Novice: 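Below: one structure in structure tokens.
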Amino acid sequence: MKFDGAETRRRCKRLARVTCILMALVCFWHAPLVYADYQRDTVSVRAGYLFFNADGSFARWKEGDVPVYVDLDTVGINDDDRNLFAVVTWNLGDRWALRLDAFGFHNSGGRVANVDFEYGDTAVSVDAKVNAKLDLNIYLLNLGYRFIDRDRWEFGAGAGVHYISVDYGFRASVEVQGAPVGGPLVEERSDERFPVPNIYSWGSYRFTDQLGFALDGGWLSANYGDYDGQIYFVRAALEYDFSNHFGVGAGYWHTDFDVDRDAGTKRESYNVKLPGPQFYLKARF
């Protein structure tokens with residue numbers, strides 16, 4: 001089945017609007033529920049899907065040259081993707097919390113080049129067949145502290161480390177009737193992994209014992225070895241708890257990845273923006 005990114009975005013936006021409206025209406029509904037007073041969980045897990053609409057570009061050039069950026073569409077990478085994500089929070093008492101996040105973007109594609117472009121020493125001409133992929137993984141481990149802790153709302157901040165994995169590559173070939181002739185003209189790949197520190201903050205407000213709003217964001221340094229840059233993310237969601245242990249959430253997520261590499265006589269640049277809705281299940285114990 002072919003994945004229609006535009007149609008999926010429309011459906012996700014409609015679903016997000018309907019979900020938010022329904023959740024908001026719950027604020028005014030006070031029918032009795034089999035639900036104990038809200039209590040802080042020891043461990044909570046949120047897992048679901050991110051529907052990113054990516055906007056990215058990459059460049060590789062020699063020192064002294066002018067960089068020429070290659071975007072995702074040029075190499076045939078679909079900018080729409082569904083990605084699993086997970087967040088695990090362990091509350092160490094009333095104030096301290098240990099949190100692990102894992103998310104990313106994974107997609108590939110191909111096309112017949114409709115423009116000439118360069119990537120480092122590689123020149124690709126019009127009508128060459130291009131296949132490409134982009135795998136971006138980010139893992140965060142943070143220790144945070146609640147500076148404000150009330151019955152209905154809280155605010156906290158923390159610091160930690162994150163691990164980044166970037167795997168970007170493409171290959172170009174000349175094809176006749178769908179079959180490559182003479183092997184690939186070029187094959188380029190960048191596969192980088194590095195750990196760096198980060199800071200983040202979060203806040204939440206519970207309208208009722210069942211319905212709450214959560215907002216959090218983080219800034220991630222990407223200064224490591226030859227690398228220089230930053231990553232930040234912001235996400236907001238409405239959550240509805242069906243019981244003391246299970247619930248659902250829906251909201252929006254934006255991630256901005258901007259990293260450069262200075263490897264002596266060679267320069268590289270990675271710029272990826274990942275906005276999109278999120279839907280997930282929630283469990284707490």
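All of these numbers come straight from a predicted model, not from anything done at the bench. All heavy atoms count here, side chains included; hydrogens, waters and symmetry mates do not.
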Novice: Quick check with a 6.0 Å cut-off and a 45 degree axis cone: is R267 positioned over the face of W61's six-membered ring?
Specialist: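 Output no; distance or angle outside limits.
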Novice: For residues F213 and E239, determine if any side-chain heavy atom of one lies less than 4.5 Å from a side-chain heavy atom of the other.
Specialist: no
Novice: For the residue pair H106 and N137, confirm or rule out a side-chain donor-acceptor distance under 3.5 Å.
Specialist: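 Yes.
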Novice: Would you kindly confirm whether V234 and Y205 end up in one hydrophobic cluster when ILVMFWY residues are joined by side chain heavy atoms under 4.5 Å apart?
Specialist: yes
Novice: Heavy-atom distance under 4.5 Å between the side chains of F233 and H254, does that happen here?
Specialist: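 The answer is no; the side chains never approach within 4.5 Å.
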Novice: What do you reckon, are the aromatic ring centroids of F155 and W153 less than 6.0 Å apart?
Specialist: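 Ring-ring flag for F155/W153: false, centres at least 6.0 Å apart.
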Novice: With rounding to the nearest 0.5 angstrom, report the OH to CG distance, Y163 to L140.
Specialist: 13.5 Å
Novice: Give, for atom CG of L141 and atom CZ of R99, the distance between the pair rounded to the nearest 0.5 Å.
Specialist: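 With rounding to 0.5 Å, CG (L141) is 11.5 Å from CZ (R99).
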Novice: Between K266 and K62, is the side-chain contact (heavy atoms from CB on, under 4.5 Å) condition met? List the steps.
Specialist: CA-CA 5 Å; K266 185 183 295 184; K62 292 182 179 179; 6.0 Å; no
Novice: Got a second to check how far F51's CZ is from N83's CG, nearest 0.5 Å?
Specialist: 9.5 Å
Novice: Run the salt bridge (Lys or Arg N to Asp or Glu O under 4.0 Å) test on D209 and R152 for me, step by step, so that the C-alpha distance in whole Å, both residues' side-chain angles and the decisive distance to 0.1 Å come before the verdict.
Specialist: CA-CA 9 Å; D209 284 342; R152 290 294 180 185; 3.2 Å; yes
Novice: Under 4.5 Å between any side-chain heavy atoms of D94 and R146, yes or no?
Specialist: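 No, too far: nothing below the 4.5 Å cut-off.
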Novice: According to the interplanar angle, ranging from 0 to 90°, do the rings of Y280 and F85 count as parallel (below 30°), tilted (30 to 60°) or perpendicular (above 60°)?
Specialist: perpendicular
Novice: If hydrophobic clusters are built from ILVMFWY residues whose side chains come within less than 4.5 Å, do Y145 and V88 share one?
Specialist: yes
Novice: Check W90 against T42 and note the closest heavy-atom contact, atom names and distance.
Specialist: CD1-O, 3.3 Å
Novice: Do W219 and Y232 have ring centroids that are under 6.0 Å from one another?
Specialist: no
Novice: Test of understanding: clusters of I, L, V, M, F, W, Y form through side-chain heavy atoms closer than 4.5 Å, transitively. Do V115 and L72 belong to the same one?
Specialist: no
Novice: Restricting to non-hydrogen atoms, name the atom on P275 and the atom on Y252 that form the minimum distance, rounded to 0.1 Å.
Specialist: CB-OH, 3.4 Å
Novice: What I'd like to find out is whether the side chain of W96 reaches to under 4.5 Å of the side chain of L143, using heavy atoms alone.
Specialist: yes
Novice: May I ask you to test the D73-R111 pair for a side-chain heavy-atom distance under 4.5 Å?
Specialist: yes
Novice: Would the number of heavy atoms belonging to other residues, nucleotides or ligands and lying under 6.0 Å from OH of Y69 be above 12?
Specialist: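 Counting neighbours around OH of Y69, more than 12 heavy atoms of other residues, nucleotides or ligands fall under 6.0 Å, so yes.
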Novice: Of all the heavy-atom pairs spanning F52 and G104, show the shortest one and how long it is.
Specialist: CE1-O, 3.4 Å
Novice: side-chain contact (heavy atoms from CB on, under 4.5 Å) for V43 and D41? Distances and angles first, verdict last.
Specialist: CA-CA 6 Å; V43 176; D41 41 276; 5.9 Å; no
Novice: Evaluate the side-chain proximity of V112 to V126: yes if any heavy-atom separation is below 4.5 Å, no if none is.
Specialist: no
Novice: Determine, stepwise, if the pair I231 / D258 fulfils side-chain contact (heavy atoms from CB on, under 4.5 Å).
Specialist: CA-CA 6 Å; I231 306 163; D258 186 0; over 6 Å; no
Novice: Do side-chain atoms of N198 reach the backbone of A159 as a donor and acceptor pair under 3.5 angstrom?
Specialist: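 No.
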Novice: State, with a plain yes or no, whether a side-chain heavy atom of L274 is found less than 4.5 Å away from one of V272.
Specialist: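 They are in contact (side-chain heavy atoms under 4.5 Å apart), so the answer is yes.
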Novice: May I ask you to test the V70-V75 pair for a side-chain heavy-atom distance under 4.5 Å?
Specialist: yes
Novice: Looking only at non-hydrogen atoms, find the nearest pair between Q278 and A236 and report the distance.
Specialist: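 Shortest heavy-atom contact: NE2-O, 3.4 Å.
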Novice: Could you tell me the separation between the CG atom of L84 and the CG atom of L50, rounded to the nearest 0.5 Å?
Specialist: 8.5 Å
Novice: Would you say OH of Y49 has more than 12 non-hydrogen atoms from neighbouring residues, nucleotides or ligands within 6.0 angstrom?
Specialist: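 Result for OH/Y49: open.
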Novice: About how many Å separate CG of N91 and CG of L98, when rounded to the nearest 0.5 Å?
Specialist: 10.0 Å
Novice: Can you name the one residue among R46, H162, R235 that meets side-chain hydrogen bond (donor to acceptor under 3.5 Å, both in side chains) with D101?
Specialist: R235
Novice: Please report the closest heavy-atom contact between A250 and F279, naming both atoms and the distance.
Specialist: CB-CD2, 3.7 Å
Novice: Where is the tightest heavy-atom contact between N107 and D135, given as atom of each residue plus distance?
Specialist: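 Looks like N-OD1, 4.3 Å.
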Novice: With a 4.0 Å cut-off on N to O distance, would you call D241 and K282 a salt bridge?
Specialist: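 A salt bridge is present here (some side-chain N lies under 4.0 Å from a carboxylate O).
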Novice: Between atom OG1 of T255 and atom CG of L220, what is the distance when rounded to the nearest 0.5 Å?
Specialist: 9.0 Å
Novice: Between W253 and F103, is the side-chain contact (heavy atoms from CB on, under 4.5 Å) condition met? List the steps.
Specialist: CA-CA 11 Å; W253 189 316; F103 62 95; 3.6 Å; yes
